[in-house]
Amino acid sequence: MAEGKEDRKALIDEMVQKISNIHKTYHIIGARRDREIFYSFTHKELAENPMLAYGVYLNLILDGKLDEAENLIQRFEKNSYQWIAMSLVHPRIQLTDFIRLVEILKEKNTPIHSIILTAGRPFVLNGVSDFTRIGPLLERNRDFIINDLKYIYEDETCPSIYSLCLAEYYYQQDRILDAEVLVSRTIKEFDRASENRLLFAALYLQTKILLAQGKIFNPQNYIKDIRKFIKENGEMEFSYNIDTAEVMSAFYEGNHELITQWIKTKAPDEFSDFNMLDLYRYMTKMRCYIITKKYTALVALAEKLRPLLEDGHRQMDLCEIDILLTICFYHAGEKKLAFEALERALKIAKRRKYYRLVADEGEAILQPLIEYIKANGETDFLMKLVEIARDVTIHHPLYLKPLYKNNESFSQTEVDILCLLEQGKTKEDIAECFFVSVNTIKYHLKNIYAKLDAKSASQAVWEARVIGLI
């Protein structure tokens, strides 16, 4: 029995040591791996070792058990260090409460530099909590926000964190040049301060900006440079999200091989260890479901996430889910459902000015938007979305193109017809080449269009190029 008690004490000491170094040598992904250990601690053990409660608390949030997380907070004295540290990262926290808690830290002159709002994701405003709602306040409250940040992050990085937040806000507003100037500055500062979590977010935003401007023709190489830099600086906390960022870049290049490999080996399994740490990865997986035409799976994942996002007041993620559902339903021919999802998304996007969140889906969202406008009329907001989406379509025509699995189903005759179409031959020219009637060529073209989901000869040729058929 004594040996068992000693083993238990050693385990408690080990976990206390780990969680005491959260975000230094021990990260959220590590706490997630130790979930069962944290959940095994008794009320008495947690009371005697308050640091352990933080590990339990983080896992309750990741599991979406927000009520249980709030109950855990109440075990601590109100306004105590532990109480504030936990409250600050609760997904339900209101902006006024967040500011009030930071003000308490100011009064106590007690910074909490273990609070990392990105949680390994490539975003700051939409990291642990959705702070995109503060966008309009950023420009008017620079000094106030920087001063507050000093009680969460190290002093020297706070001006750059503010600039990165503002850059993310500008990007969503489609103020691309303003965002580019700001993010370029932050990259240098985060590099100098070795703040790799924030550097990852800054580099990712820079990638998005360059893609928006059509300046990146091989985004995967850019992501590989980010991976190399992060590895060289010893930060593996967010390697799984860098893998995901690489898959997002693969959508732009039509790199189905990389996408397929990620789905098989690295994509999160929503049916096993479902947790909110994987939110960015779930959003990427839904895009994989679009290009593989697994629409039922996408809807199931979206609706599994929705109540958790609603409970956590994550408006940006709810908007993104409905944009992906719009694309899904539209491709599946369920236009009524597509427009219902689009209306939900547009309601949030218009209020929060999420221009890029909607329009960055390019051609996939452009057609639903155009049909929606024809049915409901033009507005400045909608026409701006169409303008941006059209620009993305022009710069990135391969983005979210479906993954064709049955190239072998094309007969040699169909391939030959596609080659002749590529050369600019008419139906009459092709019929003459094959010594058949024009009606026979029309029959073949009908089958080709169906297989490629094309509506014209030029589109069929393009789709055939995308999959390497011609």
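Below, each value reflects all heavy atoms present in this structure, side chains not excepted, and no hydrogens, waters or symmetry copies.
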**OP:** Would you please say whether a donor-acceptor pair under 3.5 Å links the side chains of S458 and S456?
**Re:** yes

**OP:** For I61 and V89, work out which heavy atoms get closest and say how close.
**Re:** CD1-O, 3.7 Å

Original post:
Of all heavy-atom pairs between E168 and P122, which one has the smallest distance, and what is that distance?
Top reply: OE2-O, 4.3 Å

**OP:** Return each pair, listed once, that meets side chain to side chain donor-acceptor pair (under 3.5 Å) where at least one residue sits in residues 296-305; pairs must be two or more places apart or across chains.
**Re:** E303-R306

Original post:
Does OH belonging to Y443 count more than 12 external heavy atoms closer than 6.0 Å?
Top reply: no

Less than 3.5 Å apart, which donor and acceptor atoms pair up between the side chains of residues 176-185 and the rest of the protein, not counting sequence neighbours?
| residue | atom | partner | partner atom | Å |
| --- | --- | --- | --- | --- |
| D178 | OD2 | R175 | NE | 3.1 |
| D178 | OD2 | R175 | NH2 | 3.2 |
| E180 | OE1 | Q213 | NE2 | 3.3 |
| S184 | OG | E180 | O | 2.9 |

**OP:** Report the residues that fulfil side chain to side chain donor-acceptor pair (under 3.5 Å) with R390, sequence neighbours left out, ordered by chain and then residue number.
**Re:** none

Original post:
So do V247 and I263 actually touch side chain to side chain, heavy atoms under 4.5 Å?
Top reply: no

Subject >> Closest contact, heavy atoms only, I327 versus A364 >> reply: CG1-O, 3.6 Å

Original post:
With sequence neighbours left out, what residues match R351 under side chain to side chain contact (heavy atoms under 4.5 Å, CB included)?
Top reply: Q315, K347, I348

Original post:
Does N141 use its side chain to pair, donor to acceptor, with the backbone of F144 at less than 3.5 Å?
Top reply: no

Original post:
When you look at I290 and L298, which way does the side-chain contact (heavy atoms from CB on, under 4.5 Å) test go after all the steps?
Top reply: CA-CA 7 Å; I290 287 173; L298 186 152; 3.4 Å; yes

Subject >> CE on M316 to CG on L125, rounded to 0.5 Å >> reply: 8.0 Å

Original post:
How long is the span from the OG atom in S249 to the CG atom in L258, to the nearest 0.5 Å?
Top reply: 7.0 Å

Subject >> Residue list, side chain to side chain contact (heavy atoms under 4.5 Å, CB included) with I152, at least two apart or on another chain >> reply: F98, V102, I115

Original post:
Within a strict 4.5 Å, meaning less than it, do heavy atoms of the I187 and L199 side chains meet?
Top reply: yes

Subject >> L279 vs L308 side-chain heavy atoms within contact, under 4.5 Å >> reply: no

**OP:** Sorted by first residue and then second, give each salt bridge (charged side-chain N to carboxylate O under 4.0 Å, His left out) pair with at least one member in residues 143-152; sequence neighbours left out.
**Re:** K106-D148

Original post:
For N59, what residues pass the side chain to side chain donor-acceptor pair (under 3.5 Å) criterion, not counting sequence neighbours?
Top reply: R32

Subject >> Verdict with reasoning, T207 to M248, per side-chain contact (heavy atoms from CB on, under 4.5 Å) >> reply: CA-CA 11 Å; T207 305; M248 283 294 292; over 6 Å; no

Original post:
Is E371 paired with K374 through a side-chain N to carboxylate O contact shorter than 4.0 Å?
Top reply: no

Original post:
Can you list the residues that meet the side chain to side chain contact (heavy atoms under 4.5 Å, CB included) rule with H395, with sequence neighbours excluded?
Top reply: D391

**OP:** Would you sort out whether I291 and R287 count as a side-chain contact (heavy atoms from CB on, under 4.5 Å), showing the intermediate values?
**Re:** CA-CA 7 Å; I291 69 168; R287 288 174 173 84; 6.0 Å; no

Original post:
Does atom CD of E343 have more than 12 heavy-atom neighbours, drawn from other residues, nucleotides or ligands, at distances under 6.0 Å?
Top reply: yes

**OP:** Measure up the Y330 and F339 rings against each other and bin them: parallel (under 30°), tilted (30 to 60°), perpendicular (over 60°).
**Re:** tilted

Original post:
What are the two closest heavy atoms between P397 and E363, and how far apart are they?
Top reply: O-OE1, 4.2 Å

**OP:** Please work out which of the three classes, parallel, tilted or perpendicular, describes the rings of H90 and Y57, given edges at 30° and 60°.
**Re:** tilted

Original post:
Hey, does the side chain of K285 reach the backbone of P268 with a donor-acceptor pair shorter than 3.5 angstrom?
Top reply: yes

Original post:
Looking at residues at least two apart in the chain, or sitting in another chain, which of them share a side chain to side chain contact (heavy atoms under 4.5 Å, CB included) with L60?
Top reply: Y39, V56, K65, E68, A69, L72

Subject >> E139-Y170 side chain donor-acceptor pair, cut-off 3.5 Å >> reply: yes

**OP:** Quick one: do R35 and D63 satisfy side-chain contact (heavy atoms from CB on, under 4.5 Å)? Show the steps, please.
**Re:** CA-CA 10 Å; R35 175 179 59 168; D63 284 328; 3.1 Å; yes

Original post:
If only atom types and distance count, is the side chain of R344 paired as donor or acceptor with the main-chain N or O of L318 below 3.5 Å?
Top reply: no

Original post:
Would you say the side-chain atoms of Y169 pair up with the backbone N or O of I134, donor to acceptor, closer than 3.5 Å?
Top reply: no

What side-chain donor-acceptor pairs closer than 3.5 Å can you find for residues 376-384, not counting sequence neighbours?
| residue | atom | partner | partner atom | Å |
| --- | --- | --- | --- | --- |
| N376 | ND2 | Y372 | O | 2.9 |
| T379 | OG1 | L382 | N | 3.1 |
| K384 | NZ | D174 | OD2 | 3.3 |

Subject >> Pairs touching residues 152-161 that satisfy side chain to side chain donor-acceptor pair (under 3.5 Å), sequence neighbours left out >> reply: H113-E154

Subject >> Closest approach of Y26 to A31 (non-hydrogen atoms, all atoms of both residues) >> reply: OH-CA, 3.2 Å

Subject >> D416 and T413 side chains, donor-acceptor separation under 3.5 Å >> reply: no

Subject >> Closest contact, heavy atoms only, R142 versus P159 >> reply: NH2-CB, 4.4 Å

Original post:
Any side-chain heavy atom of L346 sitting closer than 4.5 Å to one from K350?
Top reply: no

**OP:** Mind checking ring pair (Phe, Tyr, Trp, His ring centres under 6.0 Å) for Y282 and listing every partner two or more places apart, or none if nothing turns up?
**Re:** F274

Original post:
Do H396 side-chain atoms and L211 backbone N/O form a donor-acceptor pair below 3.5 Å?
Top reply: yes

